[in-house]
Peer 1: 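Have a look at this one.
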Amino acid sequence: MINFFERERHNFSTDNVSTELTLLESKESANNSASTSSTSNNHLSLEERRDVSIELNLYEDPFKIKKRLTKSDVSGMCRLLLKINLVKQHILPYLTVTSINEIESKNGARVMIWDHDTMSLHSMSFKKWSSSKSYVFIDSWSKDFVNRRGLMEGDEIGLHWDSYTSRFNFRVLERAPRN
DNA sequence: CCCTCATGCACCGTG
DNA sequence: ACGGTGCATGAGGGA
C-alpha cells in the first residue's frame with residue numbers, strides 16, 4: 001500500500017479555497033458596488049459571469065470521472081478502463097511523481113476506493129497499460145464491484161479522487177434497464 | 001491518417 | 001488447468 005500524496009493534499013485544498021474565493025469575491029464586489037449604485041449588478045462583465053457559472057457547475061457534480069460500463073468492463077476479463085483525458089485531468093494532477101511512476105510501472109499502484117453507496121472500503125490496483133496507454137483498475141474490481149454490486153453492461157458509475165482521504169470515491173450513478 | 005478505446009488472445013503464476 | 005493480466009490489434013471517430 002502506498003502512502004498517497006502529501007503534496008497534492010495541499011494543492012487540492014488550495015484549489016478549493018480559491019474556488020470559494022472566486023465566488024465570494026464576485027458577489028462581494030457586486031454587493032459593495034450596489035451600495036453606491038443600484039444598477040451595478042447589471043454591470044458584471046461577461047468574464048465574471050462566465051467564471052461564476054463554470055465554478056458552480058464543477059461544484060455541483062463531484063463525480064468527475066464517469067463511465068458507462070462496457071462488456072469488457074463487467075464480463076470475462078473484468079477490468080475497468082478509464083478514459084485517458086479524464087485521468088489526466090482529474091487524477092494525475094493531484095498525485096505525486098512517485099505515485100504516477102507507480103501507476104505507469106508494471107506493478108501499478110494500490111489505491112483505496114470508498115464505495116459511497118454501501119459505505120465500504122476496497123482496494124484495487126490502478127495502472128497504465130503500456131500498449132494502449134489507457135488507465136485501468138484491475139485486481140478486485142470484478143470481485144468487489146462487479147459481483148458485489150451486481151454491475152452490468154450499460155450501468156453508469158462515477159469516480160473521483162478525494163485528496164483529503166487519499167482515496168477514490170465510487171458511486172453507481174445509473175443502472176441500465178434489467179430484463 | 002492518427003488517436004482513443006474496446007476486446008481478444010496468449011502467457012504466466014498458482015492451486 | 002485455469003483465472004487473471006499484459007499486450008496487440010481492430011473498430012470508430014475526429015482532424
Side-chain angles (χ1 to χ4, degrees), chain A residues 1-5 7-8 11-12 15 19 46-47 50-51 53-55 57-163 165-179:
Chain A
M1 166 76 60
I2 55 179
N3 179 20
F4 261 102
F5 328 103
R7 180 176 61 82
E8 78 280 358
N11 281 350
F12 187 81
D15 281 354
T19 297
L46 281 180
E47 190 92 22
R50 202 184 53 207
D51 277 350
S53 84
I54 288 173
E55 299 299 342
N57 278 339
L58 289 177
Y59 196 74
E60 273 170 13
D61 186 6
F63 290 95
K64 297 184 176 66
I65 303 171
K66 297 192 177 71
K67 179 73 193 279
R68 181 78 55 184
L69 298 179
T70 63
K71 201 175 296 176
S72 55
D73 286 329
V74 294
S75 67
M77 306 292 117
C78 280
R79 55 218 174 187
L80 177 62
L81 188 105
L82 298 181
K83 293 189 194 300
I84 299 172
N85 275 346
L86 294 179
V87 173
K88 284 185 176 164
Q89 256 181 296
H90 300 301
I91 303 179
L92 299 187
Y94 305 111
L95 307 188
T96 60
V97 174
T98 324
S99 307
I100 292 175
N101 285 339
E102 266 188 64
I103 288 166
E104 295 186 353
S105 80
K106 203 170 180 184
N107 291 333
R110 185 134 290 269
V111 296
M112 303 303 289
I113 307 210
W114 174 254
D115 187 329
H116 195 273
D117 297 321
T118 63
M119 301 288 179
S120 54
L121 192 60
H122 308 270
S123 93
M124 284 199 270
S125 183
F126 184 56
K127 69 178 63 173
K128 182 179 184 178
W129 277 354
S130 58
S131 64
S132 55
K133 305 203 164 46
S134 330
Y135 292 87
V136 286
F137 286 107
I138 54 172
D139 196 20
S140 60
W141 162 249
S142 52
K143 178 167 55 76
D144 285 348
F145 287 88
V146 177
N147 294 341
R148 187 180 59 90
R149 298 297 311 277
L151 297 177
M152 295 181 64
E153 180 181 3
D155 292 351
E156 188 183 35
I157 58 104
L159 278 169
H160 75 95
W161 174 253
D162 183 344
S163 291
T165 53
S166 293
R167 64 197 188 193
F168 287 95
N169 282 343
F170 170 91
R171 192 160 200 188
V172 177
L173 299 177
E174 189 188 328
R175 296 271 184 176
R178 304 295 201 259
N179 296 324

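Since this is a predicted model, take the numbers as computed values, not measurements.
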Peer 1: Which of these nucleotides, C:dC7, B:dC5, B:dA6, is closest to any side-chain atom of A:Ser72?
Peer 2: B:dA6
Peer 1: For A:Asn147 and C:dG4, give me the distance from atom CG to atom C1', rounded to whole Å.
Peer 2: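 Spelled out: CG on A:Asn147 to C1' on C:dG4 is 14 Å.
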Peer 1: Would you indicate what A:Lys133 reaches in the nucleic acid, counting non-hydrogen atoms under 4.0 angstrom: base, sugar-phosphate, or nothing?
Peer 2: nothing
Peer 1: Picking from A:Lys66, A:Lys71, A:Arg175, what satisfies salt bridge (charged side-chain N to carboxylate O under 4.0 Å, His left out) with A:Asp155?
Peer 2: A:Arg175
Peer 1: On DNA chain C, does the nearest nucleotide to A:Ser142 precede the nearest nucleotide to A:Trp129 from the 5' side, or the other way round? Give the residue.
Peer 2: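 First, find each residue's nearest nucleotide; the 5'-ward one identifies A:Ser142.
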Peer 1: Classify A:Asp139 by what it touches in the nucleic acid, base, sugar-phosphate, or nothing, heavy-atom distance under 4.0 Å.
Peer 2: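 Sugar-phosphate contact only.
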Peer 1: Looking only at side-chain N and O atoms, does A:Thr70 offer a donor or acceptor that is under 3.5 Å from a partner on A:Asp73?
Peer 2: yes
Peer 1: For A:Glu153 and for A:Lys88, find the nucleotide of DNA chain B with the closest heavy atom, then tell me which residue's nucleotide is more 5'.
Peer 2: A:Lys88
Peer 1: Need one value for A:Lys128: base, sugar-phosphate or nothing, where a base atom within 4.0 Å counts as base even if backbone is also close, heavy atoms only.
Peer 2: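 No contact.
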Peer 1: For A:Lys71 and C:dA11, what is the distance between atoms NZ and P respectively, to the nearest whole Å?
Peer 2: 15 Å
Peer 1: Whole angstroms only, please: what is the CZ-C1' distance between A:Arg68 and B:dA6?
Peer 2: 16 Å
Peer 1: Measure from the side-chain N and O atoms of A:Arg167 to the backbone N and O of A:Ile113, and report whether any donor-acceptor pair falls under 3.5 Å.
Peer 2: no
Peer 1: Rounded to the nearest angstrom, tell me the gap between atom CH2 in A:Trp141 and atom C1' in C:dG6.
Peer 2: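 Spelled out: CH2 on A:Trp141 to C1' on C:dG6 is 19 Å.
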Peer 1: In this structure, how many angstroms lie between the C1' atom of C:dT5 and the CG atom of A:Leu81, rounded?
Peer 2: 14 Å
Peer 1: Please classify the nucleic acid contact of A:Lys143 as base, sugar-phosphate, or nothing, using heavy-atom distances under 4.0 Å.
Peer 2: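 No contact.
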Peer 1: Between B:dC5, B:dA6, C:dG6, which nucleotide has the shortest distance from any of its atoms to the side chain of A:Ile138?
Peer 2: C:dG6
Peer 1: Quick one: does A:Arg79 reach the base of B:dG8 with a side-chain donor-acceptor pair under 3.5 Å?
Peer 2: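 It does, because a donor-acceptor pair links the side chain of A:Arg79 to the base of B:dG8 below 3.5 Å.
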Peer 1: Kindly say whether the aromatic ring centers of A:Phe137 and A:Phe145 come within a distance under 6.0 Å.
Peer 2: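 Centroid distance A:Phe137-A:Phe145: not below 6.0 Å, so no.
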Peer 1: Report the distance from atom CZ of A:Phe137 to atom P of C:dT5, rounded to the nearest whole Å.
Peer 2: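 Between P of C:dT5 and CZ of A:Phe137: 14 Å.
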Peer 1: Answer with base, sugar-phosphate or nothing: what part of the nucleic acid does A:Ser132 contact at a heavy-atom distance below 4.0 Å?
Peer 2: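 It contacts base atoms.
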Peer 1: Pick one: which of A:Asp117, A:Asp162, A:Asp115 meets salt bridge (charged side-chain N to carboxylate O under 4.0 Å, His left out) with A:Arg171?
Peer 2: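 Of all the options given, the one that passes is A:Asp117.
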